[in-house]
Amino acid sequence: MTEPTQSDDDTAAIPTLNEQVTDVDLERFNRLPVNPAANIRAPASGPDLERRIKAVVDAELRNAVEYIKTSIVAEVKDAMQKQNPPPTDAAMMATANESSEQVAETVQPPEPLPKAYEPAGLETRWYQTWQSAGYFAPGGAGEPYAIALPPPNVTGSLHMGHAFQDTLMDALIRFQRMDGRNTLWQTGTDHAGIATQMVVERNLALKGIKREELGREKFEQAVWEWKAESGGTITGQLRRMGASMDWSRERFTLDDGLSRAVRDVFVQLYHEGLIYRGQRLVNWDPVLGTAISDIEVESQEEQGHMWHFRYPLADGSGEVVVATTRPETMLGDTAVAVHPEDPRYQRVIGKQVRLPLCDRLIPVIADDYVDPEFGSGCVKITPAHDFNDYEVGQRHDLPMINIFTKEARISDNAPAAYRGMDRYDARKRVVADLQEQGFLVRIDDHKLMVPRCERSQAVVEPFLTDQWYVKIAPLAEPAIHAVETGRIRFVPDNWSKTYYEWMRNIQDWCISRQLWWGHRIPAWYDAAGQVYVGVDEDDARARGGVADDVVLTRDPDVLDTWFSSALWPFSTLGWPEQTPELRTFYPTSVLVTGFDIIFFWVARMIMMGLKFAGDVPFREVYIHGLVRDAEGQKMSKSRGNVLDPLDLIDGIDLESLVRKRTSNLMRPEDAPRIEAATRRQFPDGIPPFGTDALRFTFAALATQGRDIKFDLGRIDGYRNFCNKLWNATRFVLLMTESNADQSRQGEAALGLPERWIRTRLQRVITIVRDNFEAYRFDLAAQTLYEFVWDDFCDWYLELAKVDLNDRQRNPSLQRGTRRTLLEVLESALRLLHPIMPFITEETWQRVAPVAGRSGPTIMLQPYPVADETLIDANAEAALQWVQQAILGIRRIRSEMNIEPKRQITALFSGGDERERAWLHANDRYLKSLGRLETLEPVSADAAPESATALAGNTTFLIPLADLIDPVAELKRLDKELERLRGEHKRIDGKLGNESFVAKAPAEVVRKERDKLVEIETALARLEQQRARIEQLT
RNA sequence: AGGCGCGUAGCUCAGAUGGUUAGAGCGCUACCUUGACAUGGUAGAGGUCGUUGGUUCGAUUCCAAUCGCGCCUACCA
């Protein structure tokens, strides 16, 4: 229930399980100890030990099977590549309860790093390893950091919204875990009342069994059986995403512990007068036979009609005309309303009209709910079947006539002629009768919003029933206060407005549902209908002083699923017991969720947390956007545009994708359209991108406050990024592994590129940390991307090659280069790990030992911390100058069409002392990366005709000789001159403006002046150069 | 109707307490199988930052209006 309403197909497919995991003891499973590994080693004896071990093994076994289910494709693929048999269930289970030390040994990856980056195999392998080793469980003495997973529906399967959300949470958890915090990611699933009941009912229907025939108890049992067998689809898929959740603490909202919390909360609220039973209008689904929540109602515009009828005044003095979209409800009319100031109707206010077909007299009342501009300005009022009319009825103390049964047939409260008719048959009949009796004025076409139940698609009926309610105002007030005072912070902040808006208009919460699957309401009735509430029947009797011989019957209703969800942050931690976990991890650190459930879930958690757990449930709420398709459409089964995250990870061929998208459609007639669109958009199916690429894409797209359009181009680019990282690692290992000793020991000196890349690293560390803290996953991802690709690969590796290939190079400098390659890469892997856990683990395992780091996993390594002392601003300035020089030379080469291989001669002139020193120290980089045969000084006057490039105050010259085309060079110079002249004009104008000089900050003015001088120098040189070249043409 | 958000390169998106040559990826053009990577390299083209006003020495950035788009809440019986 508490998941983003990303797609409407979560009940469409009913997975079946082939593996023989029957008879899972759920009771035991749900009471798992905190850390299974610790538990096995803990001294215990006899049957207790046996029982506990069995519980752990059961759970792990279950996990393993689910995991294999979701990753089997990847495993097989990988196995085939390696010519190895795929791992068997038995093998997976065997590792499931080994201690971490043993596991660490068995997973030493094969040497050397394979040439190609193949995500599928390594991803499944590493997840299994981490889980078996117990790395996901809380640990360490650090400050607690906890996130409660919005529990996905147990019937659900992973969609893009989950995948996105889980990526962000996992990134946060992994970051904080590495940074030394004692992290708990609380996982579990939601029992999802209606959704689950429907799935199981559908299954039973296939066997020809009806729920009613089975009886309540057996039906509930059938649901539990279904859950044991098929309820774990989504948790297996979460593993494929790399989610580092603590599976040993997995909870289900119908667990014993959570159910106890629900009962305690209900009973306390009831006895405090905050839960009451009352007759109100609710959204009623006549097909499912239950009240449903607002979130389960979907209103859609449909074509309908507006019927106009005349109601005669009882005194014979005329008539009024009313209009309605629902003629059948006129049988329940108890008034006609007009606007109090409407001059047309002043004379009829207070009179009676005779209601046709019913032969009742009803009053004409005045209420400013009526819009005099609309229709006739006269409205029929049916308080029992319309939310607005209900309000009007309350204000005017009108009787409420319920003309429907629970099946939406006409009830005995209506005239005999209509009783028992379906609401739509009754509509036809009422219209026909009115027409026959001359009351019908006209029928117009009219578009109206029709409310439907999102599960059953039945038209929802506002219906008067007895339901249980939570009196919400007393709970809402402190919840508003908590956000106002900053005890809870919304990120981005503007969502707090939405929150206030809702909380200030909040209505009492209808918490009863007429279902069988859920938390049964702990209320009992005696023969007289007197209600007794307690945590169980005995308690209810005791509290109500009911004698033992009085027969009590229990309320048949269950609670709204959101009632238990509202307790999730503390019920999962053991509340009402004051457990160590509750003390440690409550309040949780952050809630990560979609905006669509702020009302239904976030607000209610805040209210319940404050009331029962004594504090806010979380300090921050990070609200992310919805994942949409490439066109910005919401993904849904009926639109046929759903992307399955697992298909992006493992790939899918076109035919399978088409089959998947067109099967089990609500409207089969959509199939051809969906198929055509799918074939057009994915002519070759979807290639496998791997989990890391998908995760990186989600992170990069997670900008603040906007929905994300999922663009395949992005994931493609980030798959390439993974490949880049993979190959950079291969290169670094190639350069260092055989020299491991040399890399690690002995004196090392750092050259300019080394000092520069290390400086860059420190800056990146700071930026990435800040961005994680601020939930700017996109900026963190971008920073890392640029650092790895641009700084490390494009520049540093190329510079390092120059030195590593130079046999004359001072050994200590060579060591410095090797160490820098290793250390910077190793740090980068740790920086990237929260976003891309798998590839970084795989590569880190090879890099870390050579880099002199040790540990069983990158997961538990410290997150890099910036070392300010390593920041070398001079190195940054120097390398920037070197880059400028190289770029200038390359540009000439490219624009002059000089063959890339050809070595050319180059000269330089000018430049201040500092630049001369830089040049002197770094000319081998210029020569190598600029492909220069020679690089010699020359005086400005003695220089031959050349193409020129500027770096700072130094001019680099490529003599024209036979290889440069003067015309091309003139073109190039003109372009550059044009740019500089434009810039000069702009700045000159600015500085010529007296008020700018007078009013702008001195700093800004000085900067502009400096720039002008620079440009003028450059212009002078280029103009001179241009004159010389022109003479040649 | 009320509330929120968005309009920046062909596409998907960053951006700044107002001063930068307005950035990235994909796509596009040219050249390159150089021993980490063609899932690559080098160089390049491409933007009057929706429109109009205002504030300011200076606005793509702040304000107002306007156009277009999206979402949420409430809906006209």
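Given the structure is predicted, the values throughout are model-derived calculations rather than measurements. Residue numbers start from 1 in every chain, and the chains themselves are labelled A, B, ... in the order their sequence lines are given, proteins ahead of strands. When reading the values below, keep in mind they use all heavy atoms of this one structure, side chains included, and skip hydrogens, waters and symmetry mates.
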* Structure fact -> Numerically ordered, the residues 496-504 of chain A set in heavy-atom contact under 4.0 Å with RNA chain B is none
[X] near the nucleic acid: base, sugar-phosphate alone, or nothing, with a heavy-atom cut-off under 4.0 Å?
X	answer
A:D389	nothing
A:L712	nothing
A:E1003	nothing
A:R1006	nothing
A:K1007	nothing
A:G377	base
A:E895	sugar-phosphate
A:R891	sugar-phosphate

Charged N to carboxylate O under 4.0 angstrom, [X] versus [Y]?
X	Y	answer
A:R714	A:D716	no
A:K971	A:D974	no
A:E1003	A:R1006	yes

Expressed as a whole number of angstroms, how long is the span from [X]:[atom1] to [N]:[atom2]?
X	N	atom1	atom2	answer
A:F387	B:C76	CZ	C1'	17 Å
A:K724	B:C37	NZ	P	10 Å
A:N727	B:A38	CG	P	7 Å
A:L626	B:C6	CG	P	17 Å
A:L113	B:A36	CG	C1'	10 Å

* Asked: Taking all non-hydrogen atoms of both residues, which atom of A:R326 and which atom of A:K380 are closest, and how far apart?
  ->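 What the structure gives for the nearest pair is O-NZ, 4.3 Å.
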* Shortest non-hydrogen contact between A:C722 and A:Y117, atoms and distance ->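 Closest heavy-atom pair between A:C722 and A:Y117: CB-CE2, 3.4 Å.
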Between [options], which nucleotide has the shortest distance from any of its atoms to the side chain of [X]?
X	options	result
A:R890	B:A36, B:U42, B:C57	B:U42
A:V379	B:C37, B:A14, B:A77	B:A77
A:R719	B:A14, B:U34, B:U39	B:U39
A:R628	B:C57, B:U21, B:G70	B:G70
A:V1004	B:G35, B:C76, B:G19	B:G19
A:P1001	B:U39, B:U12, B:G19	B:G19
A:N993	B:C57, B:A36, B:A77	B:C57
A:V370	B:C13, B:A14, B:A77	B:A77

If the [atom1] atom of [N] is compared with that of [M], how far apart are they to the nearest Å?
N	M	atom1	answer
B:G68	B:C62	C1'	23 Å
B:U52	B:A59	C1'	14 Å
B:C31	B:G70	C1'	44 Å
B:G19	B:C49	P	15 Å
B:G46	B:A9	P	15 Å
B:C28	B:U66	P	42 Å
B:A24	B:U42	P	13 Å
B:G18	B:G25	C1'	28 Å

Which of parallel (below 30°), tilted (30 to 60°) and perpendicular (above 60°) describes [X] and [Y]?
X	Y	answer
A:Y718	A:Y785	perpendicular
A:F490	A:Y499	tilted
A:F777	A:F772	perpendicular

* May I ask you to evaluate whether A:R986 reaches the phosphate of B:G19, defined as a side-chain N or O under 4.0 Å from OP1 or OP2? =>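 Checking B:G19 against A:R986, no side-chain N or O comes under 4.0 Å of OP1 or OP2.
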* Phosphate OP1/OP2 of B:U20 contacted by A:K1011 side-chain N/O (<4.0 Å) ->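 Looking at the OP1 and OP2 atoms of B:U20, neither is under 4.0 Å from any side-chain N or O of A:K1011.
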* To do: Taking A:R893 for its side chain and A:P900 for its backbone only, find out whether a donor-acceptor pair lies under 3.5 Å.
  => yes
* A:F721 or A:L779, whichever maps to the more 5' nucleotide of RNA chain B -> A:L779
* Structure fact -> Whether each nucleotide of nucleotides 26-32 of chain B has a protein heavy atom under 4.0 Å at its base (B), only at its sugar-phosphate (S) or at neither (-) is summarised, 5' to 3', as -----SS
* Is the Lys NZ or Arg CZ of A:R695 less than 6.0 Å from the centre of A:F698's six-membered ring, within 45° of the axis? ->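 That pair does not qualify as a cation-pi contact.
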* Cation-pi, A:F731 ring and A:K801 (6.0 angstrom, 45 degrees) -> yes
* Under a 4.5 Å cut-off applied to non-hydrogen side-chain atoms, are A:K115 and A:R730 in contact? -> yes
* **Pair partner, B:G7 [Watson-Crick or wobble, under 3.5 Å]** =>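 Here B:G7 is engaged in a pair, and the nucleotide opposite it is B:C67.
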